[in-house]
Amino acid sequence: MSEKLYHIGLSKEELEGARYAIIAGDPGRIPSIASSFDSPRALASNREYTSWLGKLEGKSVVAISHGIGGPSTAICIEELYQLGVDTFIRVGTSGGMSLDVLAGDAVIAAGAIRAEGTSREYLPIEFPAIADFEVTQALKEAADKLGARSHVGVVQCKDSFYGQHSPERMPVAGDLLYKWEAWIRGGALASEMETAAEFTVCSCLRARAGAVLLAVWNQEREKAGLDSRQEAQVHDSSLTINIALEAVKILMKRDA
């Protein structure tokens with residue numbers, strides 16, 4: 001067996017030729033994703049990287065956690081790519097920015113605002129972080145098939161959770177608040193922390209990337225008085241997980 005890669009703790013043989021990966025930040029979400037695989041089995045758990053393998057449409061697929069933020073996400077993608085994975089779908093969570101995005105909606109990221117640091121160590125800031133068209137198309141098709149309320153567009157990707165949620169107490173509050181308003185006026189759908197790194201790394205590797213994000217809540221709707229307390233937050237990721245699984249099946253059939 002070939003050597004296991006340092007961070008994710010996996011070897012090429014263990015992935016059994018898997019080209020497709022469903023990636024998520026939370027290690028606790030991985031068994032839920034893998035439970036829909038045929039013949040799922042745990043592979044490894046090292047640092048933030050918990051992985052399972054199974055089959056969809058008779059083909060191997062891996063589910064793995066990447067932790068919080070761009071650096072650990074980039075490592076996960078880099079090492080999986082070395083083992084033969086070339087298609088990545090992120091299942092994550094986000095906070096709505098557009099007033100059209102309701103808690104519980106699925107946000108399919110076609111592109112990401114690079115307001116983080118990891119992607120800048122791959123490409124100059126002028127290079128856009130965009131998803132693969134085929135993967136994005138498959139995610140939208142899957143969402144429609146499942147009857148999900150979904151949105152396709154640009155998301156904002158940041159490095160500081162509390163910089164978004166408590167910007168007024170930061171020394172750079174003026175800059176944070178100005179840019180937040182600019183992102184909203186430009187049409188950003190939601191805010192999260194990993195997609196810009198995912199898309200940029202995959203661009204450099206010539207790998208395919210996509211992302212579907214649960215809108216946990218929308219602070220802008222709350223500010224506008226548009227959500228009741230009972231409807232303000234949704235934490236069940238089963239819908240976005242099912243969208244990602246269905247999208248992988250769609251891609252597998254098309255790739256064949």
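Numbers here are sequence positions counted from 1. If you're wondering where the values come from, they're calculated on a predicted model, not measured in any experiment.
Of all heavy-atom pairs between W52 and F37, the closest is O-CE1, 4.4 Å. For the residue pair A109 and T136, the shortest heavy atom distance occurs at O-OG1, 4.2 Å. The shortest heavy-atom contact between I243 and A148 is CD1-CB, 4.0 Å. Of all heavy-atom pairs spanning G9 and K4, the tightest one is O-CD, 3.7 Å. When all heavy atoms of G163 and M170 are compared, the closest pair comes out as N-CE, 3.9 Å. Between G25 and S65, the shortest heavy-atom contact is O-CB, 3.8 Å.
The salt bridge (Lys or Arg N to Asp or Glu O under 4.0 Å) test applied to E121 returns no partner, not counting sequence neighbours. Legend: residues meeting side-chain contact (heavy atoms from CB on, under 4.5 Å) with A24, ordered by chain and number and at least two apart, are R29, I30, I33. Residues satisfying the side-chain contact (heavy atoms from CB on, under 4.5 Å) criterion with K140, sequence neighbours excluded, are I108, D144, S150, V152. Residues forming a salt bridge (Lys or Arg N to Asp or Glu O under 4.0 Å) with R254 (at least two apart in sequence, or on another chain): E141. Residues satisfying the side-chain hydrogen bond (donor to acceptor under 3.5 Å, both in side chains) criterion with D86, sequence neighbours excluded, are R19. By the side-chain hydrogen bond (donor to acceptor under 3.5 Å, both in side chains) test, Y162 is found to be paired with no residue, residues two or more places apart in sequence or in another chain being considered. In terms of the side-chain hydrogen bond (donor to acceptor under 3.5 Å, both in side chains) criterion, residue partners of D105 (sequence neighbours excluded) are, by chain and number, R149, H151. Legend: residues meeting salt bridge (Lys or Arg N to Asp or Glu O under 4.0 Å) with R90, ordered by chain and number and at least two apart, are E192, E194. Partners of R41 under the salt bridge (Lys or Arg N to Asp or Glu O under 4.0 Å) rule, at least two apart in sequence or in another chain, are E16. Residues forming a side-chain hydrogen bond (donor to acceptor under 3.5 Å, both in side chains) with K253 (at least two apart in sequence, or on another chain): none.
V62 and I8 fall within a single hydrophobic cluster, where Ile, Leu, Val, Met, Phe, Trp and Tyr are joined by side-chain heavy atoms under 4.5 Å apart, directly or via other members. Under the 4.5 Å side-chain contact rule for hydrophobic residues, I64 and V201 share a cluster. Under the 4.5 Å side-chain heavy-atom criterion for Ile, Leu, Val, Met, Phe, Trp and Tyr, Y122 and F88 are members of the same hydrophobic cluster. If you chain together hydrophobic residues whose side chains sit under 4.5 Å apart, M97 and V154 fall into the same group. In the hydrophobic clustering of this structure, L146 groups with M252; members are Ile, Leu, Val, Met, Phe, Trp, Tyr whose side-chain heavy atoms approach within less than 4.5 Å, directly or through other members.
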Candidate pair L10 and S51, rule side-chain contact (heavy atoms from CB on, under 4.5 Å), full reasoning: CA-CA 9 Å; L10 296 173; S51 54; 3.5 Å; yes
Residue pair T200, F127: steps toward the side-chain contact (heavy atoms from CB on, under 4.5 Å) verdict: CA-CA 9 Å; T200 303; F127 194 99; 5.6 Å; no
Full working for side-chain contact (heavy atoms from CB on, under 4.5 Å) between R47 and Y6: CA-CA 10 Å; R47 302 187 183 205; Y6 181 76; 3.1 Å; yes
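Counting non-hydrogen atoms of neighbouring residues, nucleotides and ligands closer than 6.0 angstrom, the NZ atom of K145 reaches no more than 12 such neighbours. Enclosure of atom NZ in K179 is not indicated, since only 12 or fewer non-hydrogen atoms of other residues, nucleotides or ligands lie within 6.0 angstrom.
To the nearest 0.5 Å, atoms OG1 (T195) and CG (L213) are separated by 5.0 Å. Here E78 contributes atom CD and L205 contributes atom CG; the two are 5.0 Å apart, rounded to the nearest 0.5 Å. In this structure, S72 OG and H66 NE2 are separated by 7.0 Å, a value rounded to the nearest 0.5 Å. Distance check, rounded to the nearest 0.5 Å: CD1 of I89 to CG of L139 gives 4.5 Å. With values rounded to the nearest 0.5 angstrom, L56 atom CG is found 12.0 Å from I250 atom CD1. Note: I75 CD1 to L80 CG = 12.0 Å, rounded to the nearest 0.5 Å.
The side-chain contact (heavy atoms from CB on, under 4.5 Å) with T240 is formed by just one residue from the set L245, V107, V91, T93; it is V91.
A donor and an acceptor atom, one from each side chain of Q219 and Q164, are located under 3.5 Å apart.
With a 4.5 Å cut-off on side-chain heavy atoms, L214 and L239 do not count as touching. For the pair L83 and K12, the minimum side-chain heavy-atom distance is below 4.5 Å. Looking only at side-chain heavy atoms (C-beta outward), L53 and E14 stay at 4.5 Å or farther from each other. Looking at S94 and V155, their side chains never come closer than 4.5 Å, going by heavy atoms from C-beta outward.
For residues 202-214, the set of pairs meeting the side chain to side chain donor-acceptor pair (under 3.5 Å) definition, not counting sequence neighbours, comprises T87-R208, E134-R208, R208-D255. Applying the ring-ring contact (aromatic ring centres under 6.0 Å, His included) test to pairs two or more places apart or on separate chains, those with a residue in residues 170-217 are H165-W217.
Panel note: side chain E116, backbone A196; no donor-acceptor pair is recorded below 3.5 Å. Remark: side-chain polar atoms of N218 are paired, donor with acceptor, to backbone N or O of S98 under 3.5 angstrom.
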